[in-house]
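What follows is one structure encoded as structure tokens, with my remarks underneath.
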Protein chains: 2
Amino acid sequence: MKIDPNSKIDLSAQIAKAIRDGIIAGTLPVDERLPSEAELADQFAVSRPTVREALKRLAAQSLIRTQRGATGGAFVNRLRFEDAYGQHVTTSTLLLSMNSVSFETACEARFALERACAPLSAKRRTADHLATMRAETHRQAQPGLSDEAFCASDVAFHRALVDAAGNPVLSYQLAGAVEAMQPLMNMITFTARNRATIVEIHTEIANALDVHNACTTDALLCQLADYTESLGKRVFATHNAAKNDGSAEA
Amino acid sequence: MKIDPNSKIDLSAQIAKAIRDGIIAGTLPVDERLPSEAELADQFAVSRPTVREALKRLAAQSLIRTQRGATGGAFVNRLRFEDAYGQHVTTSTLLLSMNSVSFETACEARFALERACAPLSAKRRTADHLATMRAETHRQAQPGLSDEAFCASDVAFHRALVDAAGNPVLSYQLAGAVEAMQPLMNMITFTARNRATIVEIHTEIANALDVHNACTTDALLCQLADYTESLGKRVFATHNAAKNDGSAEA
DNA sequence: GACGTTTAATTGTCTGACAAATGAAAATTG
DNA sequence: CAATTTTCATTTGTCAGACAATTAAACGTC
């Protein structure tokens, strides 16, 4: 890969791209050691700080790891689902907060995705997944629970539901839906929601999964989706009413 | 956010995290200008190269953009779906290639996700989406088409199907499934597949969407999933047979 | 007022240096 | 000879200072 010093693009971005392309193409296999920063600087005919900026870009994407010392250097990282998970959640959260996505759109996407793995979860759920879901449901029924803790427990419940599908690819792809959208919805609807209703649906979902009943699970998720959407509608109606009252008084 | 010079973690990583947290928390709103590199170096009590490494990390995640000149600097970027899309695809591709995901697992996840948006696509597909899908299907029927071009057209077809749901959040979340897994499957099955079979299913999918028939669309996607999986099984059976023969001869 | 020119601010890049970590080789010791 | 300690070379992490390139605002000229 050639580097063009006259390009509009930063040298460090070009170098990062060159190395990234090598990783994607498989030219640089996992755990391969890259040349030292000094050697890379020579190869690309740039200074060491520029090379370092390029390497930091790759490190930010978990594509490489660096190690100091005699046998240290930058190594191609095996990208793990856990590593990608966090980034996916962060990105999804920012996408939602920065792009004025309507509540309905987010809600629709979130439940469509969760319903996608419900049949698999009904088939494959282990005792462990069921135990987690029931423990979280039980926690959600505690009277003194803070809204934050309720939300966290809610996320844990749905995450267990997704993980029950036993498909790591699905779990990863759904991370954004569960861990980014669920808190968003909790934040919007927590004033209007009835915890008992949610706890009841959660309990029934666990029961349906227990007996491997995919149909009922799906129906319950639809019920939860409808309830969430109705909450959202109510909250926004209240907001708008208050806003109109305010402008009328002013 | 405090920076700890004695931490095991790089200063540039700590600084990047501090700024990233500010962006996520909303302390740094979109289009806000960060202090200049020199000012940041002062504030965090580090040198300018260290600050720059931190900023490059953030730039690699599309969280900031930089501009030269008198009124330039680093600005908080509005993370757009298009920007996140590419990264999501890259990450998904690497996850699949680096984690020895079985063909069945990938196939299952891919079709579960696509089926999730089929009902919405059946409801909302525009004439545009239909036209795209039919144009791609027509292209796939051309005799002289290379395998690469067939794969690209295949991706375009499924992308149009997903986009037809009219939900940008869903489109984003499914990017990994369509643009990373579909090529993977094409690469594996291209020796065994029958293009005519795929073209026929694609044609029928477009017809079902045309008349807003969600049920038939879903059934056809299941059919495609089954066909793909059977292809995968056949290919791997052939591989294993060849391998066993080889080891027996050696 | 319109149009060049200068200027100041800011990022991009380079050079050179030193500190810290780390494994390997060499020296030492039993 | 084996085990241990020391030394050392390599590599990343960080710093300081400098200059180039870019850009918009301020200034001056007509």
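The chains referred to below are lettered A, B, ... by the order of the sequence lines, with proteins before strands, and numbering in each begins at 1.
Across the protein-nucleic acid pair, B:Lys8 atom NZ and C:dA20 atom P stand 12 Å apart, rounded to whole Å. Remark: P of C:dA21 and CG of B:Leu11 are 12 Å apart, rounded to the nearest angstrom. One interatomic measurement links the two molecules: CG of B:Leu34 to P of C:dT10, which rounds to 13 Å at whole-angstrom precision. Here the C1' atom of nucleotide C:dT22 and the CD atom of A:Gln67 are 8 Å apart, to the nearest Å. Between the CG atom of B:Asp10 and the P atom of C:dA20 there is a distance of 15 Å, given to the nearest Å. Here the P atom of nucleotide C:dC14 and the CG atom of A:Leu40 are 14 Å apart, to the nearest Å. Rounded to whole angstrom, the span from the CZ atom of A:Arg48 across to the P atom of C:dC14 amounts to 13 Å. Put simply, CZ on A:Arg68 is 18 Å from C1' on C:dA24, counting in whole angstrom units.
A search for side chain to side chain contact (heavy atoms under 4.5 Å, CB included) contacts involving A:Pro49 returns A:Ser47, not counting sequence neighbours. With sequence neighbours left out, the salt bridge (Lys or Arg N to Asp or Glu O under 4.0 Å) criterion links A:Arg48 to A:Glu37. Residues satisfying the side chain to side chain donor-acceptor pair (under 3.5 Å) test with A:Asp147, not counting sequence neighbours, are A:Arg193, A:Arg195. Here A:Glu136 pairs with A:Ser153 under the side chain to side chain donor-acceptor pair (under 3.5 Å) rule; sequence neighbours left out.
Note on residues 165-179 of chain B: pairs passing salt bridge (Lys or Arg N to Asp or Glu O under 4.0 Å), not counting sequence neighbours, are B:Arg159-B:Glu179. Listed by first then second residue, pairs satisfying ring-ring contact (aromatic ring centres under 6.0 Å, His included) with a partner in residues 163-184 of chain B read B:His88-B:Tyr172, not counting sequence neighbours. For residues 67-79 of chain B, the side chain to side chain donor-acceptor pair (under 3.5 Å) pairs, not counting sequence neighbours, are B:Arg65-B:Asn77. Counting only residues at least two apart or in different chains, salt bridge (Lys or Arg N to Asp or Glu O under 4.0 Å) contacts with residues 94-109 of chain B comprise A:Arg124-B:Glu108.
Judged purely by atom type and a 3.5 angstrom limit, A:His129 uses its side chain to pair as donor or acceptor with the backbone of A:Thr126. B:Ser121 places a side-chain N or O within 3.5 Å of a backbone atom of B:Ala165 that can act as its donor or acceptor partner. Side chain of B:Asn186 to backbone of B:Gln182: a donor-acceptor contact under 3.5 angstrom is found.
Within the 4.5 Å cutoff, the side chain of A:Val235 has no heavy atoms near those of the A:Phe103 side chain.
Listed by residue number, B:Arg52, B:Lys56 are the residues of residues 51-62 of chain B with a heavy-atom contact under 4.0 Å to DNA chain C.
In terms of position on DNA chain C, the residue among A:Ala45 and B:Glu37 whose nearest nucleotide sits closer to the 5' end is B:Glu37. With the nearest nucleotide of DNA chain D identified for both A:Pro35 and B:Val46, A:Pro35 has the one nearer the 5' end.
OP1 or OP2 of C:dG12 lies within a sub-4.0 Å distance of a side-chain N or O belonging to B:Thr66.
Taking every nucleotide of DNA chain D with any atom under 4.0 Å from a non-hydrogen atom of chain B, the first and last of them, 5' to 3', are D:dG13 to D:dA24.
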N/O contacts under 3.5 Å, protein versus nucleotides 6-9 of chain C?
none

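Heavy-atom contacts from other residues, nucleotides or ligands closer than 6.0 Å to CZ of A:Arg80 number 12 or fewer.
Helix-axis bend for the helix from C:dG1-D:dC30 to C:dG30-D:dC1: the local axis fitted to the five terminal pairs at one end deviates from that at the other end by 20°, rounded to 10°.
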Next item on the list: Could you check A:Thr105 against B:Asn167 for side chain to side chain donor-acceptor pair (under 3.5 Å), going step by step and ending with a plain yes or no?
Entry: CA-CA 6 Å; A:Thr105 303; B:Asn167 187 318; 5.1 Å; no

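With C:dT13, C:dC14, C:dT10 as the choices, the nucleotide that has an atom nearest any side-chain atom of A:Pro49 turns out to be C:dC14.
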